[in-house]
Amino acid sequence: MSKLYYQKVNIEEELRKRLENPCVYKTSLYILPILRGERVLKEVELFFLPINDILMLQDEIMQNSKEILKLSGELPKIAQKY
C-alpha cells in the first residue's frame, strides 16, 4: 500500500476494493499498523489476496507433495518407518 501512496492513489478506496475481492482470505489476526511512520491505534485485520504467481507456486507445491507421497509409498517397509 505504501507504493500506492506515492503514486497518489486513494488508499482507502484501494483497500476497500481489495477487502471486497471474492478471492480475499481474512486471517482473523489483527495488528496495529504503521501509516506514514506513525502507529495507528485502530486494529485492522490482516488479509491475503492471492496473485497468480503465488497460486501457481502453490499448485507446484501440491504436485510435488503428491509425487513425494507416491514415491515414498514405493520404498521398502523398513525405509518408510523413517
How about Leu69: does its CG atom have over 12 heavy atoms from other parts shown lying under 6.0 Å from it?
yes
Is it the case that more than 12 heavy atoms not belonging to Glu20 sit under 6.0 Å from its CD atom?
yes
Measuring only between side-chain heavy atoms, which start at C-beta, is Leu19 closer than 4.5 Å to Phe47?
yes
Minimum-distance pair of heavy atoms, taken over all atoms of Ile31 and Leu46:
CD1-CD2, 3.6 Å
Enter the distance from Arg39:CZ to Ile34:CD1 here, rounded to the nearest 0.5 Å.
4.5 Å
Donor-acceptor contact below 3.5 Å, side chain Glu43 vs main chain Leu32
no
Separation between CG of Asp59 and CG of Asn52, rounded to the nearest 0.5 Å
10.5 Å
Got a donor-acceptor contact below 3.5 angstrom from the Ser72 side chain to the Ile68 backbone?
yes
Do you know the tightest heavy-atom contact between Lys42 and Pro33?
O-CD, 3.5 Å
Are Glu74 and Lys70 close enough that some pair of their side-chain heavy atoms sits under 4.5 Å apart?
yes
Are any of the side-chain heavy atoms of Glu45 and Ser28 separated by less than 4.5 Å?
yes
Heavy-atom pair of closest approach, residues Leu55 and Pro50
CD2-CB, 3.8 Å
Identified side-chain contact (heavy atoms from CB on, under 4.5 Å) partner of Asn64 from the options Glu60, Glu67, Met62, Lys66:
Glu60
Same apolar cluster (I L V M F W Y, side chains within < 4.5 Å links), Leu57/Ile51
no
In terms of side-chain geometry, is the basic nitrogen of Arg18 or Glu14 positioned less than 4.0 Å from the acidic oxygen of its partner?
yes
